[in-house]
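One structure below.
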Amino acid sequence: MDDFKRDGSHLASFPPVEKWDDWVELDPEAWPRRVARHYELVPTICFNCESACGLLAYVDKETGKIAKFEGNPKHPASRGRLCAKGPATINQIHDPDRILYPMKRVGPRGSGKWERVSWNHVLETFGARMQKAIQEGRGEEIMYHVGRPGHDLIMDRTLQAWGIDGHNSHTNVCSSSARLGYLLWHFADRPSPDHANARFILLLSSHLESGHYFNPHAQRIIEGKMSGAKLAVMDPRLSNTASMADYWLPTYPGTEVAALLAMANVILDENLFDAAFVRNWTNWQDLEVDGFSAQGQTFQATIEALRRHYARFTPQFAEKETGVKAEIIVKIARETADAGSRFASHLWRGSASGNLGGWQTARALTLLHVLTGSVGTEGGHNLNAWNKFVPRPFSVPPPQKHWNELLYPLEWPLCTHEMSFLLPHFLKEGRGRVEAYFTRVFNPVWTYPDGLSWIEMLKDENKIGLHAALTPVWSETAWFADYVLPMGFSAERHDLMSQETHSGKWIGFRQPVLRVLQEKHGQKFDYTYQANPGEVWEEDEFWINLSWAADPDGSLGIRKWFESPYRPGQKITVDEYYGWIFENSVPGLPEAAAKEDLKPLQYMRKYGAFEVATDVYKLNETTLSAAELSGSSVRPDGVVTKENKPVGVMVEGKAVAGYGTPSRKLEIFSQTMRDWKWPEFALPEYYRSHIHRAAQAASLGQPTEDFNSQYMPRVDWPEHASGEVFTLLPIFRLPNLIHTRSGNAKLLYEISHKNSLWLNPVDAKKMGNVRTGDLMKVHTEIGFFVLQAWVTEGLAPGVVACSHHLGRWRLNEENQVERLSSAWVDLKEVGRGQWKMRQVAGVAPYESQDPDTRRVWWSDAGVHQNLTFPVHPDPISGMHCWHQMVRVEAAGPDDRYGDIFVDTNRSHAVYQKWKALSRPAPGPGNLRRPLWFPRVVRPVEQAFYMK
Ligand code: SF4
């Protein structure tokens, strides 16, 4: 530990907190000389993915600059450990191409000409637009559209203070499919697996290397394994995660539910299920299936009906659908049942987000938890709402009165989140316009499917009145904005964050490191941009000031929500906003702070995180308090109601909280699905995805069985499309990149900068001995892209894959998307709605303030596949079904690496085909959406009813 005492430096896994004010290390650049450097350490939260791991910023005492980022050992979820993207934050804050000042477009949209403006100008311009729109009753023309939220609480509160229904998110291209499957079971729309204490872990994801909360989860999965847990991974691709597993189950894409229901069948058939749990905690009495009704029937008779219903999911049927051997499925089913209440699983994207009907994956996976009694248990499947902690602010504005159909249209009443990826198509259909559009850390032109329809929309001032891109980095979307507003990275802003990373509860505090440090040493700032590089700001202060600008005299009733709880009538500061929360709504924090003679805000500035609770299990069994029971009554079905709303349920003679569903039980039978026109899916079911082999045969006009035409449209290939038909997996993440926000991290792009087309050797041979590096042309329903092949046994025949993240592009040589990671392209509209992109030059060394940019040795930036994907809104969950049916052939003599062609007329036609499969509202009682379904920013109850 004290090897370097002579110069005061230390060797330690993590710097102990008592040394954070003066931490000494030897300067690696001075080696072999021993030069000690002194650092002051400030905790913050990583902003490079949703996990919210704790960072420690090392501020060099001599230069006053941040020298590096490492893990915060005091953070309860990440516990000092980071993935590669956490430390790469240092590249992002020192990126020579970063946006330092607010910029306003000059010339037409998309022409790439900008002038610097002041923050005051921005606030006045947008404040005036908003004020006018709200005064004229057009509040719904103000839209906030978020990519990476990276914060809890403040934005929802801000939008409700404005009184508008204007929250749009990226979730329907991300996770809304799995969320629906979970929601139908237990209201909570995400799982919180207790991997560390599990005996058997089933991952339908590459969760040791990427995915939601993967660093906090990965370390706990490994802990579980080290304590003897077995790990099974269901993934068509041999990911790094699959390579670490005891069992790899390479299911054919979209057939995972068949395997899961076959496992359920084995567990039921062999009587391996937890009967007491199923009897007590499911709504089995509501079951109606195959002519059987559980009303008046015994539990045993109901189980027999379930057995009969799932009997068709034999392991042999599952083998035929999935390609995984029947005996392996049986073995996994028995090991899952053996683990009992210590069975953990995780599902994110992949199967759920790739496939039509992918929401059933979460439905079927949770059925296994229900049968094994592993819901809410140590080592089992917990609920996100139990482990995520969101505190209360100093005042809460009332819910908005309106319902914005650009966000929640009638066609998808069961979508868990806003139908955001369809916005260009909604505006094309004349469903409305957007007067003031705030995109925040959001790059739909690149990350969404059908990006050229987004470009067409963003360029049209009749559709988008004024667009501000709030972003820490240049992006393909920012290029088409009216204003580009620089917002801070993780060391340059305040945010509260909490995630369901394990069986505890915690809250993390992101903070602007240089401001915090300088204020600690006596300097004062009015705003964070005064301490950050250039005039990089943070959203918290921006929204507070914009709200004042929109309602300068308070007459709209907005301003009052942004007045200080300590200084009536004065504008609230961020210290006051967070200080109030830490003093009043984080249990245990004031006491912990008092022990160190600190105020709660000082405590959070010192440690960056606080553990609110540990070992959170079985909250469904929480006994209702006397106050909760006062004035309540018990319905015949055992549900405890108060003011006509379910608040609990009777279980074994006790009134307990239960789950947030209408029955307060785990809903194996969903009356909601029946009521909302999908009675065939009241139970967990399997139906074929849009990329199933039957759908492929149908696309070629070949005779085929079980093409579910009532659920999926037939693919109509463009005339130019030819070649073998494959399923393309386009959404797997690389461990060291994150969507488009890591483009300015030289450390990360030096490692990964190419996205080839994965192709099995069997297919390569069939296609004329394709070899790694050969140019391939991949046709989708609306266009094509050209890239190199990578022949590998890492995925099954009949499937091709291409990683997410890569293929960044920019429209000029110099900048406006990071030169480290983007190709310079020529983009032309060659006919109405027909777009061609060709790379002019790849990545190359360049001059900048960072000498490393002269040392760039790679030239590839990858190929942007998403542009060529049509939208595929799942008729039920509304999720964009990412997997693509494609035709692949060798590139022709006129094709060049990176070429892209897209016809947005075709993309609109594909949208119409998918939309036609939905079953629109109204539901019962003229509702737009089930009343018990959540919404991110929930309006008043009356707004749920159609007029
Ligand atoms: S997993 Fe990596 S990128 Fe995500 S928050 Fe943690 S360190 Fe940052």
Side-chain angles (χ1 to χ4, degrees), residues 13-14 41-58 66 68-93 95 147-152 170 174-175 190 192-193 195 203 205-223 239-241 346 348-349 387-388 441 447 472-473 488-493 495-502 506-511 513 608-609 732-749 751-752 803-805 821:
S13 300
F14 303 110
L41 311 187
V42 181
T44 186
I45 301 287
C46 183
F47 193 37
N48 275 340
C49 85
E50 63 293 320
S51 303
C53 299
L55 295 179
L56 274 184
Y58 285 58
I66 302 174
K68 63 174 178 174
F69 292 91
E70 294 194 359
N72 176 4
K74 290 291 172 189
H75 190 287
S78 54
R79 303 180 292 192
R81 303 167 204 172
L82 302 173
C83 79
K85 302 185 288 286
T89 304
I90 193 69
N91 294 163
Q92 297 172 309
I93 63 171
D95 164 25
R148 167 60 41 226
H151 66 81
D152 289 327
H170 74 281
C174 174
S175 58
R190 282 175 284 171
S192 179
H195 294 304
L203 301 178
S205 62
S206 48
H207 218 63
L208 282 175
E209 67 202 87
S210 62
H212 260 218
Y213 322 137
F214 89 90
N215 169 37
H217 276 191
Q219 45 186 274
R220 291 172 173 86
I221 292 169
I222 295 299
E223 280 171 19
S239 62
N240 296 336
T241 305
H346 198 69
W348 212 244
R349 302 199 181 90
N387 295 146
K388 181 176 167 90
V441 195
T447 54
V473 287
F489 291 108
S490 51
E492 299 165 345
R493 49 186 297 125
D495 291 299
L496 283 182
M497 282 206 74
S498 174
Q499 302 291 19
E500 58 278 14
T501 52
H502 61 287
W506 54 271
I507 189 162
F509 190 32
R510 187 174 289 129
Q511 40 184 358
V513 168
F732 64 90
R733 283 181 176 181
L734 298 179
N736 55 314
L737 297 181
I738 183 75
H739 303 308
T740 59
R741 277 174 297 115
S742 46
N744 58 352
K746 59 188 177 188
L747 165 67
L748 303 178
Y749 266 78
I751 299 169
S752 301
S803 82
H804 178 51
H805 309 297
S821 54

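Just follow the structure's listing: the first ligand is 1, and inside any ligand the first atom is 1. Residue numbers count from 1 along this sequence.
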query = What is the ring orientation for Y213 with H217, classed by angle as parallel under 30°, tilted 30 to 60°, or perpendicular over 60°?
reply = perpendicular
Residues R190, E50: salt bridge by 4.0 Å N-O rule:
no
- Message: Side chains of H739 and H804 only: does a donor on one sit below 3.5 Å from an acceptor on the other?
- Response: yes
Is a side-chain donor-acceptor pair under 3.5 Å present for S51 with N215? no
Taking the six-membered ring for Trp, are H207 and H346 parallel (under 30°), tilted (30 to 60°) or perpendicular (over 60°)?
tilted
Within a distance under 2.8 Å of atom 6 (Fe) of ligand 1, the protein atoms of type N, O or S are C53 SG
**Asked** Just wondering, more than 12 heavy atoms not from K74 lying within 6.0 Å of its NZ?
**Response** no
